[in-house]
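Per chain, numbering begins at 1; letters A, B, ... match sequence-line order. None of the values given here were measured: they were computed from a predicted structure.
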Number of protein chains: 2
Amino acid sequence: MLPLARGRALCITASESAAFMAAGSSAEKAPLIRKLESIANLSDAAREAVSALPMTVRVVEARQDLARDKDQPAHCCLLLTGWACRYKLLNEGRRQILSLHVPGDIPDSQSLHLRVLDHGLATLTQCRVGFLPHESLRELCVRFPDAASALWRDTLIDAAIFREWMTGIGRRTAHGRIAHVFCEMYLKLHAVGLAENHRCPWPITQTDLGDALGLTNVHVNRMLQDLRAQALIGPRYSELVIYDWDALCALGEFDETYLHMERKAAA
Amino acid sequence: MLPLARGRALCITASESAAFMAAGSSAEKAPLIRKLESIANLSDAAREAVSALPMTVRVVEARQDLARDKDQPAHCCLLLTGWACRYKLLNEGRRQILSLHVPGDIPDSQSLHLRVLDHGLATLTQCRVGFLPHESLRELCVRFPDAASALWRDTLIDAAIFREWMTGIGRRTAHGRIAHVFCEMYLKLHAVGLAENHRCPWPITQTDLGDALGLTNVHVNRMLQDLRAQALIGPRYSELVIYDWDALCALGEFDETYLHMERKAAA
DNA sequence: CGCGCCGTTGACAAAGATCAATCTCAGTGG
DNA sequence: CCACTGAGATTGATCTTTGTCAACGGCGCG
């Protein structure tokens with residue numbers, strides 16, 4: 001429930017941009033390529049072009065804003081390592097986390113077509129972030145229609161996840177919501193090669209998780225204890241270990257259709 | 001909470017398609033054009049092309065599915081008159097309504113890029129619906145990049161509305177949620193010329209409204225009585241009359257930024 | 001060593017759900 | 001004209017889930 005970040009949002013000065021440009025040029029894009037290939041087919045040419053996109057890379061500490069509500073950004077953020085989230089703030093410190101993001105995600109790709117941001121974007125853990133100028137992304141879209149369509153598809157999957165979360169917050173029990181987000185994040189991480197054998201890192205606080213699920217940290221804590229008592233998940237919060245995938249899916253009424261991963265990433 | 005529709009989803013046979021094609025050809029598209037122009041600039045050529053899109057028109061009774069979860073549609077639905085919604089069903093008859101749609105909306109425009117539907121689409125009132133073949137929409141996008149970008153922008157605004165609803169369901173009180181959806185629908189209707197002077201038709205049941213807001217019909221009913229008692233809205237449920245717009249916005253913490261109506265429709 | 005963040009616990013309060021009537025009113029048939 | 005019907009709105013009593021508040025505990029870090 002606490003405000004997520006203090007201080008001012010990050011912005012890139014021209015000199016910094018030049019200084020970092022070289023560093024971010026090619027191998028860094030692996031998570032992005034992997035993610036796009038998990039949802040669409042990319043031609044070799046498009047893959048090359050994505051790799052060649054100019055990018056400024058930065059390490060950002062946990063709980064820093066990458067962009068703020070009402071900003072009019074000129075670049076998109078590509079998450080290279082770490083977890084981030086989008087969020088809205090309401091009166092009296094209420095906060096809703098709208099989405100959780102992992103490496104390969106471009107959480108603000110919508111800003112390519114929507115001038116004003118209607119929410120904030122912040123790191124949850126320390127992150128490496130690549131900044132991609134709108135200009136070069138637009139050019140990419142014009143020159144490589146399959147890249148454009150992969151990006152459009154990505155924004156549509158983003159929306160599909162919102163629908164699923166809305167359903168959870170509106171109509172699932174607290175147990176179900178937690179089970180559901182565990183299943184979802186495990187699959188998202190698995191798609192970019194960051195999870196295996198029903199285990200993955202779980203680096204966010206219970207307060208953050210509550211704000212994502214429309215619950216309080218206290219209630220999240222109690223529900224987690226229930227899930228542990230039922231032997232559905234492992235005992236440590238910092239690493240998610242799913243003991244019983246099927247039971248967790250059943251509890252969360254989880255059906256992965258909405259993730260639209262038509263091409264499963266090779267493990 | 002009740003299942004929304006019975007019987008089978010609508011589909012169009014080849015002969016019907018031919019029979020209706022002529023009828024839906026041009027003037028019918030006024031709400032769509034008006035809606036697209038409320039969110040983006042359209043060139044004259046693009047506007048012409050949209051008007052010339054082949055379309056099959058049908059009158060559909062209230063509470064009928066236009067498309068179902070897991071369908072793989074070959075057309076998009078353009079709502080010409082009436083209200084519709086997208087929804088998900090969970091076990092034990094729980095239902096979440098994901099969005100409310102009014103004339104000019106294409107509720108399933110995402111299906112252009114996402115093969116499988118992850119939710120249902122149904123009428124709430126009697127509707128006139130135009131069916132637009134994916135094929136011709138794709139061709140439109142290729143030939144008129146500004147039409148493509150308007151449609152993409154439309155899907156992004158769709159997602160922005162999901163985010164706002166998620167925030168409401170997760171973090172707003174029942175009063176606030178109802179106030180918020182009233183403000184939103186009034187503006188959406190106003191943008192297509194179907195509302196004026198803080199009045200608009202309100203043709204959906206309290207049960208439907210509850211399913212949209214993550215509440216029960218009983219609780220919706222009680223909250224409506226509160227809003228009436230506070231003289232924020234008019235006494236009749238079938239017509240929304242907003243007595244005190246500012247107070248309603250304040251109660252719902254409503255900020256229209258997320259609707260991204262950069263070009264207000266001329267009244 | 002002590003501070004602060006985060007996880008955990010308990011007692012209690014409140015929002016909203018559930019269940020079961022009852023009411024209203026438009027549409028229908030006689 | 002009037003009884004009958006059914007969907008949807010309204011009401012009351014009660015229950016459950018979740019929130020609130022406050023304290024305490026573990027642990028990493030300067």
_For atom CG of B:N217 and atom P of D:dT10, their distance in whole Å_ = 11 Å

*Have a look at A:G210 and say if it touches a base, only the backbone sugar-phosphate, or nothing, with a 4.0 Å heavy-atom cut-off.*
nothing

*Are A:R68 and A:D71 close enough for a salt bridge, meaning some N to O gap below 4.0 Å?*
no

_Looking only at the side chain of A:T205 (C-beta and beyond, no hydrogens), which of the listed nucleotides C:dA17, D:dA9, C:dC6 gets closest?_
C:dC6

*What is the distance, rounded to the nearest whole Å, between atom NE2 of B:H175 and atom C1' of C:dA14?*
13 Å

*Nearest-Å distance, NE2 (A:H219) to P (C:dC6)?*
21 Å

*asked:* Rounded to whole Å, please give me the gap between CG in B:L224 and P in C:dG16.
replied: 13 Å

*asked:* What is the distance, to the nearest angstrom, from the CH2 atom on B:W202 to the P atom on D:dA9?
replied: 12 Å

_Among D:dG8, C:dG16, D:dT18, which nucleotide has an atom closest to any side-chain atom of B:R63?_
D:dG8

*Tell me what B:R228 touches on the nucleic acid: a base, only sugar-phosphate, or nothing, going by heavy atoms under 4.0 Å.*
sugar-phosphate

*Rounded to whole angstroms, how far apart are CG on A:D226 and P on C:dT8?*
12 Å

*asked:* Between P on C:dC19 and CD on B:E92, what's the gap in Å once rounded to a whole number?
replied: 11 Å

*Tell me whether the OP1 or OP2 atom of C:dG7 has a side-chain N or O from A:Q225 closer than 4.0 Å.*
no

*Rounded to the nearest angstrom, tell me the gap between atom CG in A:D208 and atom P in C:dC5.*
14 Å

*asked:* If the threshold is 4.0 Å, N to carboxylate O, is there a salt bridge linking A:R86 and A:D118?
replied: no

*Under-3.5 Å donor-acceptor pair between B:R222 side chain and D:dG12 base*: yes

*Give a yes/no on whether any side-chain N or O of A:N221 is located under 4.0 angstrom from OP1 or OP2 of C:dT8.*
yes

*Without hydrogens or angle criteria, can the side chains of A:Y87 and A:D208 be said to hold a donor-acceptor pair below 3.5 Å?*
no

_A:V60, A:V59, A:T81 screened by side-chain contact (heavy atoms from CB on, under 4.5 Å) with A:Q126, the one that passes_ = A:V59

*Any idea which of D:dG19, C:dG16, C:dT8 is nearest the B:T173 side chain?*
C:dG16

*Ion pair present between B:E253 and B:R177, side-chain N to carboxylate O less than 4.0 angstrom?*
no

